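Heavy atoms only: backbone and side chains are in, while hydrogens, waters and symmetry mates are out. In this text, all values refer to a predicted model and were calculated from it rather than measured experimentally. Naming convention: chains lettered A, B, ... in sequence-line order (proteins, then strands); numbering from 1 in each chain.
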Protein chains: 4
Amino acid sequence: MVAVTIWNEFRHERADDAVAAVYPDGIHATLADALATDHEVRTATLEEPAHGLTDDVLASTDVLLWWGHDAHDDVDDAVVDRVQERVLEGMGFVPLHSSHYSKPFKQLMGTTCSLQYREDGGTERLWVVDPGHPIADGLEEAIELPKTEMYGEPFDVPEPDRLVFVSWFEGGEVFRSGCCYRRGKGRIFYFRPGHETYPIYENDAVQRVLRNAVVWAAPTKGSPRTFGERD
Amino acid sequence: MVAVTIWNEFRHERADDAVAAVYPDGIHATLADALATDHEVRTATLEEPAHGLTDDVLASTDVLLWWGHDAHDDVDDAVVDRVQERVLEGMGFVPLHSSHYSKPFKQLMGTTCSLQYREDGGTERLWVVDPGHPIADGLEEAIELPKTEMYGEPFDVPEPDRLVFVSWFEGGEVFRSGCCYRRGKGRIFYFRPGHETYPIYENDAVQRVLRNAVVWAAPTKGSPRTFGERD
Amino acid sequence: MVAVTIWNEFRHERADDAVAAVYPDGIHATLADALATDHEVRTATLEEPAHGLTDDVLASTDVLLWWGHDAHDDVDDAVVDRVQERVLEGMGFVPLHSSHYSKPFKQLMGTTCSLQYREDGGTERLWVVDPGHPIADGLEEAIELPKTEMYGEPFDVPEPDRLVFVSWFEGGEVFRSGCCYRRGKGRIFYFRPGHETYPIYENDAVQRVLRNAVVWAAPTKGSPRTFGERD
Amino acid sequence: MVAVTIWNEFRHERADDAVAAVYPDGIHATLADALATDHEVRTATLEEPAHGLTDDVLASTDVLLWWGHDAHDDVDDAVVDRVQERVLEGMGFVPLHSSHYSKPFKQLMGTTCSLQYREDGGTERLWVVDPGHPIADGLEEAIELPKTEMYGEPFDVPEPDRLVFVSWFEGGEVFRSGCCYRRGKGRIFYFRPGHETYPIYENDAVQRVLRNAVVWAAPTKGSPRTFGERD
C-alpha cells in the first residue's frame, strides 16, 4: 500500500457543466476511485488551506498526483517549493496532462515544458516503447483513446531518463506521453492522458498505468544524502 | 570535408526492376550524390573483396553509412568485427532503414534490433523531438514522406542517448526513427527512412539529415584510451 | 524470493592455494551464502555440462550472477547467446569484477569493456553517487574495502543508464564501479568488487549490495514484445 | 570564433588579499586571457547594472561562463530568468566550481545542487571517463591539480547526459567534475575546478578544457521550437 495524495485544481468541474457531466465529483474523485483498490488515497484541492498540501500531508505522502490547468498561477510558491523539496527527499510525483505547465513540474524540470496542442477530439493511440518498464506491466502493446485533446512535439522537457509511451494522434502528430525522471531521491512520471472533457480516467488501461506509476514512484530507502562541510 | 564511405548491399537494384527504376545506379550512388556536395565520398558494396571494406578503407573512413536488407547474413564476421573496432576507435556509423538488422548494428547494440513493419506505402511524418540537435539543423518541424514502408514499436534497441526523430504513420503506428548512440569514441546514428521501392533518398530534407548526420558523427580527437596493466 | 543462479568459473579456487584459503568452497558458495538469506539460490560452474546453464536452468532463473576471470574464452558461444536472449526477455544479469571481460557482458554491451588495473592490494572506497537508487538501500555513504585490486578509467562501456557507485583507490585512480543498464526487458548491473585473493564477498556492505541488486534486477511483467509483420 | 561572456561575482578578489594575490585582476580576467586566443570574449560582473548581463549582452552571447561563490543571493531573479530563457533558446552555459550553487544553475537543474566539501588544499586528479567527448580533445588521461578545495559526492544534480570527468581527491573522496546537460536548445557544462585561493585557471589543461567546452556549448541552428495551439 502506497500513501497517495491526489491533488486537483478542481475548477473546471464546478464552473463548466460539460466537465461536471464527465467528472461530477471532480477529477480527483475519479482518480481516487481508480487507485483506492491498491493504495491508501487522500485528495487535496486548490481552495483548501495550503491547497490541502500542508507540511503534514506532504510529509506523509509517498506519491503525489497532480492535475491542474486553468489556475497554475494561483498555486502558492511556498507550496511549490515544499513539493520540490519533498520530491528531492524521495516523494514520487506524477503530473497529469495539462499539469505539464504546473509550477512544481516546471520547477523540477528547469525548462518551459511547452508543447503544441489542438482540441479536436481525435483518436490517440499510446504505444509502449519500453515494454520492459514496470509502468507498462499488464498492458497491451498500445492504449487506444477514442477522443482526446492532441499534444504535439516539440515538448520542452529534459530528455527523459526512460521514455515509456509515445502517442500517435489521428491528426498527424506524435508526443512523448510517458516520461520518467529521477530528481534527488524522488521519481517523477509525466503522463499525458486526461483532458477534463473526456472520460479518460475511466479507461481501464489508463487506470492500470496510474496504479503502476504509483508503485514505481514510491520512495525507496536508499543511502544518506549528507551535504556540507566534511571533516 | 568528412571522409565518408557508403556501403550498400546492392542486390535489390540488380534483381528487381521496380527497385532499379527508383535507384538505377544503386542506392549507394544516390546517397553519394546527396553527400558529395559537402563531403569526400566513396562507395563499397557486398560483392567486392572484403565487401569493399578493407582495413585501408576503414582506416581512412571518418563516417560509414550502411544500407542492407536481404543479405545481412552474407556479410563476413571479420569485416563486422573490424567495423565495430573502428567505431570504438572513433569512426562514425550511420545504419539506414532495414540496416537495423545489419550485423554491425546488432553487434554494437547488443540487442535484437527487432521491430514491427508493414509495407503499405502509407504516409510517414518524422517529427523532430529534439530541435536543439545538430542533426536537425535547418529542418522544418517535421519531414513528410508520402509513401513509405511502416516500422512500428517496440524497437528492441538500448534507450538512445538522444532521440532526434519520432515517426507518425498513417496506419496508426509510431517509431523512434532517429536514434543517437556513442560506443567507445564512435558516434552512431540510426535513421529509419529509405525503403528500396520509394525514392526517399531523393527527398531534400532526408538528404539534409544525412549531411548533418555525417558532420555530427565525424570523429573528434578526444583523449587517450589506455587499457591494461598500470604501474 | 527471487530465483537466483550464481555462475562461477571455479578455476582459481582449485588451482591456487592462496585463493582456496579465501574461498575454500568456491566464490559461488560464498555468494550463495550471502544471497540465500533472502533469495532462492542455485549455483553453476564452467565444468558442468552446458556450464550448468541448460535451457531449463536459464528459463527458471530470474537473476544470473556471473564471476569469471581466467577462462572467459572457454565459455561456449551457444550458452552466451542463450544468456543474452534470456536477458532481452527479462532475466536480470549481474556480472562481477573481472566478468567485465566475460563474453555475455561484452556481447550485451557491444564494446570492449576494457579498463586499467593494478594488483596492489590498496584500499578502495566505493562512494554512492546515486543515493536514491534501490541498490543503495541501507548503505552508508561509502563502502570501504581495505585490500583490493585496482580498476581504473577509462572503462569502455556504454554510458550507464544509472551510475550508482564510483570507486576511489588509494593509488590515485577512480572507477565507475556500479553501472545499471537495461537491454530488452532485462536489467544488468555491473559491480566491480570481488577479487579472488581478497575476502571481499564476506563484507557485509558488499553482500547488502548484492542482495539489493538481485531485487532490482528481477524481471517485471511489462507488456508484449511483438515483432515482425503487422496487419 | 564563439562569442563568450565571462561572468564573475568579483568580490573575493577585492576583499581578500590572498585571493587578489592569485587573481589580481579578477578571476574573469584570467579566464578571459585563457579563452581570448580562440574566441571573442567579454566579461561582466555583479556590480555592473543588470550585473553586466543586459538583454543585449545576453542576446549576443553564444556561451556564458559563470563564477560565483559568496553573493549568489545578490543576483537578481530577473537576470536569472533571462539567462535560463537564453539557455533554452540555445545559449551555452558553463558554471564553474562554486557556481554549482548559483541561481541559474539551480534553476536549470531543478535540484539543490548540494555537495560535500573540505578546504584542505589537497591534490585532485580529474580522470577523463569519456575519452571520446570533444571536451576531452587533446587532454592526457587525467589532469592533476596539486592544491584544491575538495568537493565530494553525493552531488544533487540530475544524472548528467554525459559524464566527462570524475575527480579523485587525496583525502579519499570522488566527484563528478565534468557534467554535460542539454536543456531546451542549450548546452550546459558544469566544471568543478577553480577555487579562488589556488591558481587553477592558470593550468594549461584546465584552460584547454574551458576552450573545448566553449566550442562544445556553442549554439547550433537546429529546427524551430514552435509551441502553442496548432491548426
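Using a 4.5 Å heavy-atom cut-off against chain B, the contacting residues of residues 222-231 of chain D are D/G222, D/S223, D/P224, D/R225, D/T226, D/R230.
Contact detail for B/K221 and D/D137: the closest heavy-atom pair is N-OD1, 3.4 Å. Closest non-hydrogen pair, B/H133 versus D/R187, comes out as CA-NH2, 4.5 Å.
For B/N212, no part lies near chain D; criterion is any non-hydrogen pair under 4.5 Å.
For the set D/R162, D/E89, D/E140, the entry with the most heavy-atom pairs within less than 4.5 Å of chain B is D/R162.
Heavy-atom neighbours of D/E144 CD from other residues, nucleotides or ligands within 6.0 Å: above the threshold of 12.
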